[in-house]
Amino acid sequence: DQQVKQNSPSLSVQEGRISILNCDYTNSMFDYFLWYKKYPAEGPTFLISISSIKDKNEDGRFTVFLNKSAKHLSLHIVPSQPGDSAVYFCAASAREYGNKLVFGAGTILRVKS
Amino acid sequence: KAGVTQTPRYLIKTRGQQVTLSCSPISGHRSVSWYQQTPGQGLQFLFEYFSETQRNKGNFPGRFSGRQFSNSRSEMNVSTLELGDSALYLCASSSTGNTEAFFGQGTRLTVV
């Protein structure tokens, strides 16, 4: 069962504009959420995370929003840059599961210059 | 601070053989998790080791096993390799529960 879903396989955005990547989850036990950026044949690079006690976390150009009632989170990248082009994965964890991460299928982001 | 180191980066093995992959976590991190990435299944959790004990296990057959040493370095072993085991195997290092996990570059395993 897909407990973490990224329903958009790809997203194309113009340089300088906002990129919004979405993620939905079904397991109410998830209490920590992370976003990773990944290039082919490399390991994922950690971008930003958010605990379930918050609804927003910012780090530079990256902001993650969490809507617990809707079981939805989103990653905003402003402004988007060509170097942001990569696959973005949403991941979730629960205290009861230790450090086990459940990943979404990923969204390919293309930033056009 | 050195990152997560995985060796080797690439491996080619024959069906039926076994393979051992190695992971050195970030200094001070006691948790090591392993993931398999394939085009069809995405990133799937294999298992997690914390202080030399397996704390969590994913839905993989018993051919997949692992261990962790007292210095937190970890190895995973796959026995009786099948073609479907061809994948990118990723190791992630964490300090404690429910925190960021930092990944290594991965080991690309090809089974022929």
Side-chain angles (χ1 to χ4, degrees), chain A residues 1-10 23-25 27-54 57 59 62 64 66 75 86-108, chain B residues 3-7 9-10 21 23 25-26 29-51 53-60 68 72 74 86-110:
Chain A
D1 65 341
Q2 261 192 302
Q3 298 184 65
V4 178
K5 297 180 185 179
Q6 293 177 256
N7 291 319
S8 298
S10 64
C23 178
D24 297 293
Y25 63 96
N27 190 336
S28 299
M29 292 182 68
F30 289 146
D31 55 10
Y32 199 72
F33 304 89
L34 309 92
W35 284 95
Y36 287 86
K37 174 182 177 181
K38 188 179 184 302
Y39 296 111
E42 291 186 9
T45 300
F46 169 75
L47 284 174
I48 192 168
S49 61
I50 188 167
S51 163
S52 59
I53 62 173
K54 295 184 174 181
N57 189 26
D59 185 0
F62 302 93
V64 56
L66 175 62
L75 174 68
V87 181
Y88 287 77
F89 288 94
C90 166
S93 70
R95 191 171 303 277
E96 289 78 6
Y97 303 155
N99 283 313
K100 172 184 175 180
L101 293 176
V102 180
F103 283 88
T107 297
I108 300 170
Chain B
V4 181
T5 303
Q6 289 189 246
T7 56
R9 288 293 310 276
Y10 303 94
L21 313 181
C23 172
I26 292 171
H29 284 190
R30 294 163 63 191
S31 167
V32 173
S33 299
W34 289 88
Y35 294 83
Q36 180 196 65
Q37 186 185 24
T38 58
Q41 297 297 319
L43 278 152
Q44 300 286 316
F45 172 79
L46 280 155
F47 30 65
E48 180 203 0
Y49 285 86
F50 185 85
S51 294
T53 302
Q54 188 180 88
R55 186 160 73 169
N56 239 314
K57 191 176 189 313
N59 296 324
F60 279 83
Q68 187 179 34
S72 293
S74 177
S86 295
L88 180 66
Y89 289 89
L90 294 158
C91 165
S93 161
S94 304
S95 58
T96 57
N98 236 16
T99 60
E100 296 82 4
F102 297 93
F103 284 82
Q105 294 278 66
T107 294
R108 169 67 65 183
L109 171 65
T110 302

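A note on names: the letters A, B, ... follow the listed sequences, proteins ahead of strands, and every chain is numbered from 1. Please read these numbers as outputs of a predicted model, since none were measured by experiment.
Among residue pairs with one or both ends in residues 101-110 of chain B, none qualify as side-chain hydrogen bond (donor to acceptor under 3.5 Å, both in side chains); sequence neighbours excluded. Sorted by first and then second residue, the salt bridge (charged side-chain N to carboxylate O under 4.0 Å, His left out) pairs with a member in residues 43-52 of chain A form an empty list; sequence neighbours excluded.
Both the backbone and the side chain of A/L101 come within less than 4.5 Å of a heavy atom of chain B. Using a 4.5 Å cut-off between heavy atoms, A/F46 contacts chain B through its side chain alone, with no backbone atom that close. B/Y35 touches chain A through its side chain: at least one heavy atom from C-beta onward sits under 4.5 Å away, while N, CA, C and O do not. For B/Q37, the part lying near chain A is the side chain, with the backbone staying farther off; criterion is any non-hydrogen pair under 4.5 Å. Proximity to chain A (any heavy atom under 4.5 Å) is restricted, for B/L88, to the side chain, taken from C-beta onward.
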Q. Does the pair B/V32 and B/C91 meet the rule for a side-chain contact (heavy atoms from CB on, under 4.5 Å), with working shown?
A. CA-CA 7 Å; B/V32 173; B/C91 165; 3.5 Å; yes
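Ring-centre distance between B/F103 and A/Y36: below the 6.0 Å cut-off.
Heavy-atom pairs under 4.5 Å with chain A peak, among B/G104, B/A101, B/G106, at B/A101.
Relative orientation of the A/F103 and A/F89 rings is perpendicular, given thresholds of 30° and 60° on the angle between their planes.
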